[in-house]
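Each remark here refers to the structure printed beneath this line.
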There are 2 protein chains.
Amino acid sequence: MSQRILVVEDDAPIVRTLRINLRARGYEVDIATSGRAALAAVDELVPDLILLDLGLPDIDGVEVLRRVRRRSDVPIVVLTARSDADDKVEALDEGADDYVTKPFGIDELLARVRANLRRSLSAPAPLPPVHTDDFDLDFAALQARRDGRPVRLTPTEWKLLSELARHHGTVIPHTQLLQAVWGPAYGREANYLRVYANQLRRKLEPDPSHPRYLITEAGMGYCLRW
Amino acid sequence: MSQRILVVEDDAPIVRTLRINLRARGYEVDIATSGRAALAAVDELVPDLILLDLGLPDIDGVEVLRRVRRRSDVPIVVLTARSDADDKVEALDEGADDYVTKPFGIDELLARVRANLRRSLSAPAPLPPVHTDDFDLDFAALQARRDGRPVRLTPTEWKLLSELARHHGTVIPHTQLLQAVWGPAYGREANYLRVYANQLRRKLEPDPSHPRYLITEAGMGYCLRW
DNA sequence: AGGCTCCTTGACGCGTTCTTGATGGCAGCA
DNA sequence: TGCTGCCATCAAGAACGCGTCAAGGAGCCT
């Protein structure tokens, strides 16, 4: 039941150092030596933390970061030879949790790994499944059913639905929904919510034009009831 | 409604730089120049993030870190002149979320502040729910009930009700209500208050023409009692 | 390159909410 | 009694928010 760390790095000596030291601390270590392999590994292995080198052979490191972030909230520690401050800023703003410059002390790196793992452990508990007369939702498996039949929801739809379900029964303000789904820089794009509320209703509500579950509270926000 | 950052640092030029840059980004900035003051400030000001210098005059920085951690999960970014790796390891293991070594680029620091704030979108303390013989109010969920049945309130009605409930039992002047609900530019539009007080009474009072909860204090303001 | 899904963005009609003015009641006062 | 604040109530136009649709564009898979 140990924790799984994905190392994305193409420099063999560094890989070796990391593998030895991380294994010695009791982590399970997986290696990906290209951006493409990293993305595949994130889906298959579901790591608890990612150590990501930005200088990859195929895809730009920041691009990898962006794509991983799109599908997971796993802690990402960026690892790079460049000491350029702009890179740091860009990586952190794209969703990296930490940034270490090579050459790095292995003790510092391990400490940062611990600090970031600690945070993700105290992360919010997973949402329990939902069953209503008309649909079922499984947030852990990302599966939705309506009248027993599978329904496909997009990533953004899941995020919005999660935030609604997390506080179900209460009215959630536009700003809170926008920040939870699109990020902290958002808050005034209420029309996004309209589009996605509309889509969720069409996929889940028995009569989308007279919503029974996803309720609009004009001027304030939305409320999910069941 | 902006986010509050506590800077714990005794070097005046650095304090100055941080204050200017953080304010320019729209954060509220509080300063503590000693460990003792920092601990007090954490309790009183409830910051959303702490920038902590380890080299403090009175208490050892790591000890401050430990004590803050004992009472709060607020993100802490450690800021230090020592480049000693052991310090980093110790600080991160004691619960720091991030570590920046002086001299630092202000852009990098701001990016790390953003990255750490992103994780802890803490909302302002909500008003506690209200229960009376005739109605119930839940300000966190934005839900109102009268005789057990849901009642719809408009955004302006909620804002007015919140301000009244925040100071319930006391008479609140017209100007204060108007500024709290409509904004600081208002204060003379007592008309608005009459209209909305009327609507709240019709929605909540058992006998709207003889109010029992929302009391008019002629020439002064309104008072909400329960 | 092509098709596909998904996200973003703008436009329009409609219903709700806000603002504003008018009317009338009530109390205090000369 | 008439006058003067202050308040409650009502109603109507203006402003705003929402649902809906569709087009454009970016990313991904084959």
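Since the structure is predicted, the reported quantities are computational estimates derived from the model, not experimental observations. A note on names: the letters A, B, ... follow the listed sequences, proteins ahead of strands, and every chain is numbered from 1.
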Compile the donor-acceptor pairs under 3.5 Å between side chains in residues 215-226 of chain B and protein atoms, sequence neighbours left out, one pair per line.
| residue | atom | partner | partner atom | Å |
| --- | --- | --- | --- | --- |
| T216(B) | OG1 | R201(B) | NH2 | 2.7 |

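Computed from coordinates, the R188(B) CZ to dT19(C) C1' distance equals 17 Å when rounded to whole Å.
Extent of DNA chain D lying under 4.0 Å from chain A heavy atoms, first and last nucleotide in 5' to 3' order, is dG17(D) to dC28(D).
In summary, the aromatic rings of W182(B) and Y196(B) are positioned with their centroids under 6.0 Å apart.
A pairwise comparison of heavy atoms in E163(A) and L177(A) identifies CG-CD2, 3.7 Å as the closest pair. The two residues R67(A) and I59(A) have their closest heavy-atom pair at NH1-CD1, 4.3 Å.
None of R4(A), R19(A), R23(A) except one satisfies the salt bridge (Lys or Arg N to Asp or Glu O under 4.0 Å) rule with E28(A); the exception is R4(A).
Of the charged side-chain nitrogens involved, at least one lies within less than 4.0 Å of a carboxylate oxygen, so that D53(A) and K102(A) count as a salt-bridged pair.
Contacts of R202(A) with the nucleic acid, taken as non-hydrogen atoms under 4.0 Å apart, involve only primed sugar atoms and P, OP1 or OP2. Among the atoms of the strands shown, none is found under 4.0 Å from any heavy atom of H210(A).
Positionally, the nearest nucleotide of DNA chain D for A197(A) lies more toward the 5' end than for the other of E63(A) and A197(A).
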| request: For nucleotides 3-17 of chain C, just jot down a letter per nucleotide in 5' to 3' order: B, S or -, based on protein non-hydrogen atoms under 4.0 Å. | output: ---SSBB-------S
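A distance of 9.5 Å separates CG of L153(A) from OG of S162(A), quoted to the nearest 0.5 Å. The structure places CG of L110(A) at 7.0 Å from OH of Y27(A), a figure rounded to the nearest 0.5 Å.
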